[in-house]
Amino acid sequence: MWFGKLSFLLQLFVISSLFQVPAFAIKKSYIVYLGSHAHAPQVSEADLHRVTHSHHEFLGSFLGSTEKAKEAIIYSYKRHINGFATTLEEEEAAQIAKHPKVVSVFLNRGRKLHTTHSWDFMLLEKDGVIHPSSLWKKARFGEDTIIGNLDTGVWPESESFRDKGIGPVPSKWKGICQNHTAGFVCNRKLIGTRYFNKGYAAYAGVPVKSSLNSARDHEGHGSHTLSTAGGNFVPGANVFGLGNGTAKGGSPKARVAAYKVCWPPINGSECFDADIMAAFDAAIHDGVDVLSISLGGDPSDYFSDGVSIGAFHAVKNGIVVVCSAGNSGPAAGTVSNVAPWMITVGASTLDREFETMIELRNGMRLKGTSLSKPLPDDIFYPLITGAQAKADNASAKDAMLCLGGSLDPKKVKGKILACLRGLSARVDKGQQASLAGAAGMILCNDEASGNELIADPHVLPASQINYTDGIAVFNYINSTDDPLGFITPPTAKLNTKPAPFMASFSSQGPNTITPEILKPDITAPGVNIIAAYTQATSPTDQDFDKRRVPFNTESGTSMSCPHVSGVVGLLKTLCPHWSPSAIRSAIMTTARTRDNTVNPMMSASFVEATPFSYGSGHIRPNRAMDPGLIYDLTANDYLDFLCAIGYNKTTIQLFSEGPNYKCPESASLLDFNYPSISVPRLSGSVTVTRRLKNVGSPGTYAVRIKRANGISVSVEPNVLRFKSVGEEKSFRVTLKAKPKRGGVAKGDYVFGGLTWSDGKHYVRSPIVVASAAAV
Ligand SMILES: *[C@@H]1O[C@H](CO)[C@@H](O)[C@H](O)[C@H]1NC(C)=O
Ligand SMILES: *[C@@H]1O[C@H](CO)[C@@H](O)[C@H](O)[C@H]1NC(C)=O
Ligand SMILES: *[C@@H]1O[C@H](CO)[C@@H](O)[C@H](O)[C@H]1NC(C)=O
Ligand SMILES: *[C@@H]1O[C@H](CO)[C@@H](O)[C@H](O)[C@H]1NC(C)=O
Ligand SMILES: *[C@@H]1O[C@H](CO)[C@@H](O)[C@H](O)[C@H]1NC(C)=O
Ligand SMILES: *[C@@H]1O[C@H](CO)[C@@H](O)[C@H](O)[C@H]1NC(C)=O
Ligand SMILES: *[C@@H]1O[C@H](CO)[C@@H](O)[C@H](O)[C@H]1NC(C)=O
């Protein structure tokens, strides 16, 4: 999965069972994307046959016969997405790409997979009591909504997916319960499952084992994400007794459907584009309202990316698509899933910590975190650093990181081992320490991970501490011949401050594909999230860990994404006629940028975080149900966007399902009605237009500007009067680089914002600007 847990077991399994037949080297699997279908949404079986036939004929004209085409095609995308996945030689792929009916031809690439106090933290409840005016009550816990996820499947027996208190399956549902495995049962809560592995098999070059023909979750990730979005109430949920409380998803009464597209990793990827597109095509047909996608890859052109294409068709059908931003932070420009039709979610902390104290014999007490068991004896244990415990044949660097094979058990036995965090899997360090006979482990953050403490269910008593405390531990061990220490058992602490702050792993902007669209859009809890898990693997996902848990903590933007999906589920029930972009706007413009100390939100290294990590800010569900005004977008606005980024008339016709759409004479990306403003190359001055729609009561809104350093911002008009619901008004924002000393350096981003308010609603947009030249 995206956040650090690669299963050794699964890898071995893949290598032995999938690669036993040598793959043909020349042919690879590709996706040929043809845009939209001409057939009506109410498609008949005859239409579907016609589509399949047309794909055979089309491909046949390149391969020499329809028979050859039939053999080569892996999937025909027949319902909403038009196109097919097929094996091709590179030469053939290049030929097909030139055909005027083709939008794009791209390799079937792999992607990576990127509780429950969260809702209390987001004020949907207070100490487990639900306030009558909360979005939960008003939106009836999301009961009218169907949430699907594309992930590793689902553990259907999990209590989070029981249908207690849930009404009949909505009549609009057209999905199925694809249940190859004996005993796999759907119900009124888990209303559908499907699995897609032909693209995975094509990439591997051999058929997958028939035991993989099921949506059952062998990995835990999919059950965790789906239950975070829409899990039912489960009282007494905890991880090893910690974080005890009632687990539930954001939309606890919504119906959920699992689309399994992720499988044991091949070459570091679990989920393949050909399968992802097939899952989107099915989910749109089945009738989901929300799709939660906690996976992604390197950002690429919108129409050479299965997630982006799938999301485009889903949004055209009124489905809200929520995606994780990725776990490649904190470096700049790492954000993925950047299409302007998605909601892209970063990850931040909760105000809950699983606290373990480290006590050193010299009297120091350091605050750490973990979800592990206590040390066996109430005594000080000898301490040793990984470097000191180095095996003769290993490097000090590897030993410092406690990597496999680098530790000498004779030196480690019975001691508490101090390891440096680095980039290798944290739970694996615990495994190595345990294998070497350590009594416990102190996991010391390096500078990059700073203050980000992740409560892992380590297999031995352990505590993770921050960078400065880690240095103190190493210094202490080095300062004496007889270093001693103790790790206290973990306890759950609430109302920790500051919270939230951004997770260091959370991928950051700027958006490398279209820097005029600020991404991510929003942040939500993604650190130490408790949610449902699988019984097929251990909480560490490590082979030698034999434990099984019904709930587990996980961290990643994979976990923050379904928090937003759950809130979207509520908004869909409350305001069924809002468009996907209206829902996104409501969530973005009502977000907060301050933490629970009322200071600006911080990064994990405790410098001020920016919109490049949190977008508009941290989600506030109760505010999102009453945004006052929204920045709406129609399907045509998305087509205008595509014109503006350079798709020509011929290509755009292929998306637009009809001949009536025409690119505007001058489509400016900066005027795309997004709820945030990003100007990546300001030279002199620029004017940006936006359009607001009233979804609240009539009112007079005045604008307030938060200046960006070295940039002047003016808004015209600066008062907007809305007399009725649904009324729309435009305004223009002029940004001007101030020619003064100490101004903005070329390419440096500065951050400001604007807020429209009628005294009751606050409609906030971040502004990010970089100048084209030094001023
Ligand atoms: C499998 O799914 C079908 C179709 O949804 C359903 O009717 C059947 O009861 C399921 N069988 C099991 C064993 O879950
Ligand atoms: C995995 O990656 C290696 C190196 O990039 C490549 O040679 C190999 O073909 C890949 N495996 C598959 C199944 O594509
Ligand atoms: C969790 O809380 C429930 C309800 O308060 C209680 O009955 C249960 O014993 C608790 N479990 C643990 C492990 O603390
Ligand atoms: C690291 O954690 C300690 C608590 O053990 C805290 O006092 C210290 O301020 C933290 N370091 C930084 C850089 O925030
Ligand atoms: C060092 O030797 C041990 C025992 O032979 C072996 O298990 C380990 O993998 C070796 N480590 C390295 C880094 O080569
Ligand atoms: C440990 O202390 C010695 C001198 O006392 C010093 O040379 C060495 O760099 C120290 N090592 C670490 C890891 O701090
Ligand atoms: C439109 O773009 C496609 C793909 O880039 C190209 O093949 C085609 O010739 C272009 N058509 C026109 C009318 O410019």
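To the nearest 0.5 Å, atom CD1 of residue I477 and atom CD1 of residue I384 are 8.5 Å apart.
Ring planes of F606 and F501: tilted class, angle from 30 to 60°. Using bins of under 30°, 30° to 60° and over 60° for the plane-to-plane angle, the ring pair Y200/F272 lands in the tilted bin.
The shortest non-hydrogen separation linking E219 to D541 is OE2-OD2, 3.2 Å. The nearest pair of heavy atoms linking W263 to K260 is CZ3-CE, 3.0 Å. Closest of all the heavy-atom pairs between L375 and A439 is CD2-O, 3.4 Å.
Looking only at side-chain heavy atoms (C-beta outward), N445 and Q464 come within less than 4.5 Å of each other. Within the 4.5 Å cutoff, the side chain of P330 has heavy atoms near those of the Q508 side chain.
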Review item, side-chain donor-acceptor pairs of residues 391-402, under 3.5 Å, at least two apart:
residue	atom	partner	partner atom	Å
S395	OG	D398	N	3.1

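Cysteine sulfur proximity is satisfied for C271 and C262, their SG distance being under 2.5 angstrom.
A donor-acceptor contact closer than 3.5 angstrom links the side chains of T523 and S348.
At a threshold of 4.0 Å, the pair D275-R111 does not count as salt-bridged, since none of the basic side-chain nitrogens sits closer than that to a carboxylate oxygen.
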